[in-house]
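Below: the structure, in structure tokens.
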Amino acid sequence: MNKDSEEPIRGLFITGTDTGVGKTMVTAAIAAALRADGCQAGVWKPVQSGARLGSGETDAERLLQLTGINERPDAVAPYTFEAPLAPMLAARYAGVTLTVQGLIAAGTPLIERYDALLIEGAGGVAVPLNDDALMADLIAALRIPALIVARSGLGTINHTLLTAAFLCHYGIPIVGVILNDGDDTGIAHDPSVATNAELIEQYSGLPVLGRFPFLPADADTDLLIHTARNSIQLAPIKQALKFCDNERQGGDNE
């Protein structure tokens with residue numbers, strides 16, 4: 001993609017306030033809901049580390065399994081490294097140097113094949129890709145908005161505000177925030193949950209688009225669609241993807 005001569009892609013970059021905040025489940029749920037509403041959305045994981053492709057344990061494989069998208073895992077995740085390290089270090093360990101333009105080039109077939117892409121990052125926005133670029137540089141080069149996935153519980157206000165400030169520093173538009181319960185077993189006894197969304201909106205000026213509940217790892221596509229429709233405001237996401245005027249999209253339950 002030549003950012004000086006081509007139109008921005010239709011895409012949304014799902015980033016997190018940290019690793020392990022549940023980006024994959026939320027990304028899959030949004031993609032499945034969009035597809036159920038007639039939007040030909042795909043998924044893309046530009047770089048991932050921590051498991052071997054083919055093990056069934058990578059984020060890309062989980063995205064495909066959860067959404068039912070018929071795609072090759074190596075096409076969804078062109079850069080996969082087994083070492084459980086940050087992408088730059090995992091790549092270096094494998095003798096590979098990541099570049100922003102190289103990552104974008106590897107995703108071009110997906111960009112051309114789908115109406116829009118839900119793009120899941122690795123870790124947070126300040127994760128290094130190489131000696132000169134962070135994950136935020138990739139988002140900026142793609143020229144697409146970001147959606148922040150944050151934990152529902154204690155500590156999320158600080159992490160979310162810092163993530164939002166970093167994205168704003170790069171001039172990256174932010175669609176909103178989704179709070180995710182994940183597998184936090186103590187969430188039911190965390191009193192901060194009652195006010196975290198309100199305070200994030202107050203101090204960041206960003207809308208909190210929903211609170212995503214815990215779902216088991218073996219949740220099927222139908223459950224993800226139902227959960228997304230009932231826990232996430234999908235209209236702002238569709239608008240960001242320029243789907244709000246698409247006659248193929250179905251109604252929202254929002």
Residue pair Leu12 / Pro145: nearest heavy atoms and the distance that separates them = CD1-O, 3.5 Å

request  = Might you point out which heavy atoms bring Pro78 and Pro46 nearest each other, and give the distance in Å?
outcome  = CD-O, 4.1 Å

task = Would you confirm whether Thr160, through its side chain, and Ile157, through its main-chain N or O, come within 3.5 Å as a donor-acceptor pair?
result = no

request  = Step by step, work out the side-chain contact (heavy atoms from CB on, under 4.5 Å) result for Arg151 and Asp18.
outcome  = CA-CA 9 Å; Arg151 291 183 176 87; Asp18 195 358; 3.7 Å; yes

request  = Would you check if the side chain of Glu61 reaches a backbone N or O of Pro73 as a donor-acceptor pair within less than 3.5 Å?
outcome  = no

inquiry  = Hydrophobic cluster membership, with links at side-chain heavy-atom distances under 4.5 Å among I/L/V/M/F/W/Y: are Val96 and Leu134 in one?
reply    = yes

ask   = Does the side chain of Leu223 reach to within under 4.5 Å of the side chain of Leu215, using non-hydrogen atoms?
value = yes

request  = Report yes or no: does Asp190 contribute a side-chain atom to a donor-acceptor pair with the main-chain N or O of Gly186 at less than 3.5 Å?
outcome  = no

ask   = Quick one: are Thr221 and Thr67 in side-chain contact, heavy atoms under 4.5 Å?
value = no

task = State whether Glu57 and Arg52 are salt-bridged, where the test is any N-O pair (Lys NZ or Arg NE/NH1/NH2 against Asp/Glu carboxylate O) under 4.0 Å.
result = no

message = Test side-chain contact (heavy atoms from CB on, under 4.5 Å) on Leu241 and Cys39; report intermediate values, then the result.
response = CA-CA 10 Å; Leu241 293 170; Cys39 304; over 6 Å; no

query = Considering residues, nucleotides and ligands other than Asp183, do more than 12 of their heavy atoms fall under 6.0 Å from its CG?
reply = no

key: Stepwise side-chain hydrogen bond (donor to acceptor under 3.5 Å, both in side chains) test for Glu198 and Thr195   = CA-CA 5 Å; Glu198 178 184 352; Thr195 54; over 6 Å; no

Salt-bridge criterion met for Arg229 and Asp37 (N-O under 4.0 Å) = yes

Heavy-atom side-chain contact between Asp137 and Leu129 under 4.5 Å = no

message = I need the minimum non-hydrogen distance between Ala219 and Leu224, along with the two atoms involved.
response = CB-CD1, 3.7 Å

query = Hey, is the main chain of Gly123 close enough, under 3.5 Å, to the side chain of Thr19 for a donor-acceptor pair?
reply = no

task = Would you kindly confirm whether Val177 and Phe166 end up in one hydrophobic cluster when ILVMFWY residues are joined by side chain heavy atoms under 4.5 Å apart?
result = yes

request  = Spell out, as yes or no, whether a donor-acceptor pair under 3.5 Å connects the side chain of Asn130 to the backbone of Leu98.
outcome  = yes

task = Test Phe81 against Val47 for side-chain contact (heavy atoms from CB on, under 4.5 Å), laying out the working first.
result = CA-CA 8 Å; Phe81 305 103; Val47 58; 3.9 Å; yes

request  = Working to the nearest 0.5 Å, report the span between CG of Leu179 and CD1 of Ile187.
outcome  = 9.0 Å

query = Within the distance-only criterion (no hydrogens, no angle test), does the side chain of Ser55 pair as donor or acceptor with the backbone N or O of Ala51 below 3.5 angstrom?
reply = no

key: Worked verdict on Arg92 versus Asp131 for salt bridge (Lys or Arg N to Asp or Glu O under 4.0 Å)   = CA-CA 11 Å; Arg92 184 176 294 171; Asp131 289 336; 3.0 Å; yes

key: Any donor-acceptor pair under 3.5 Å from Asp115 side chain to Ala41 backbone   = no

task = Rounded to the nearest 0.5 Å, what's the gap from CD1 on Ile232 to CD1 on Ile237? Could you check?
result = 6.0 Å

message = Any non-hydrogen side-chain atom of Tyr114 less than 4.5 Å from a side-chain atom of Ile69?
response = yes

query = Minimum heavy-atom separation for Leu110 to Ala75, with atom names?
reply = CD1-O, 3.3 Å

query = Does the side chain of Tyr170 reach to within under 4.5 Å of the side chain of Ile139, using non-hydrogen atoms?
reply = no

key: Minimum heavy-atom distance between Ser49 and Ala83, given as atom pair plus value   = CB-O, 3.4 Å

Sidechain N-carboxylate O distance under 4.0 Å for Asp181, Arg211 = yes

query = When rounded to the nearest 0.5 angstrom, what is the spacing between CG in Leu142 and CD1 in Ile104?
reply = 4.5 Å

message = So does Gln48 get a backbone contact from the side chain of Asp59, meaning a donor-acceptor N/O pair under 3.5 Å?
response = no

inquiry  = For the CD atom of Gln40 and the CG atom of Leu117, what is their distance to the nearest 0.5 Å?
reply    = 10.5 Å

query = In terms of hydrophobic clustering (I, L, V, M, F, W, Y; side-chain heavy atoms under 4.5 Å; direct or indirect links), are Ile200 and Tyr203 co-clustered?
reply = yes

remark   = Rounded to the nearest 0.5 angstrom, the CD-CG distance for Gln65 and Asp218 is 8.0 Å

task = Assess whether side-chain hydrogen bond (donor to acceptor under 3.5 Å, both in side chains) is satisfied between Glu120 and Thr24, documenting all intermediate values.
result = CA-CA 7 Å; Glu120 184 192 343; Thr24 300; 2.7 Å; yes

remark   = CG (Leu206) and CD1 (Ile148) are apart, to the nearest 0.5 Å, by 6.0 Å

query = So if you build clusters from Ile, Leu, Val, Met, Phe, Trp, Tyr with side-chain heavy-atom gaps below 4.5 Å, do Met88 and Tyr79 land together?
reply = no

inquiry  = For a 4.5 angstrom cut-off between non-hydrogen side-chain atoms, does Leu34 reach Lys238?
reply    = yes

task = Please say which of Leu209, Ile225, Leu147 ends up in a side-chain contact (heavy atoms from CB on, under 4.5 Å) with Ile30.
result = Leu147

task = Keeping the roles fixed (side chain from Glu82, backbone from Gly50), state whether a donor-acceptor pair exists under 3.5 Å.
result = no

ask   = Hey, quick one: are Ile178 and Val193 part of the same hydrophobic cluster, counting side-chain heavy atoms closer than 4.5 Å, chains of contacts allowed?
value = no

inquiry  = Less than 4.5 Å apart, side chain to side chain, heavy atoms only: is that true for Phe13 and Leu118?
reply    = no

inquiry  = Can you give me the closest heavy-atom contact between Ala136 and Ile172, atom names plus distance?
reply    = O-CD1, 3.6 Å

task = Report yes if some heavy atom in the side chain of Ile14 is under 4.5 Å from a heavy atom in the side chain of Ile119; otherwise report no.
result = no

Test item: Thr58 side-chain N/O and Leu53 main-chain N/O as donor-acceptor pair under 3.5 Å = no

key: Trace of the side-chain contact (heavy atoms from CB on, under 4.5 Å) decision for Leu161 with Ser204   = CA-CA 6 Å; Leu161 296 183; Ser204 71; 3.6 Å; yes

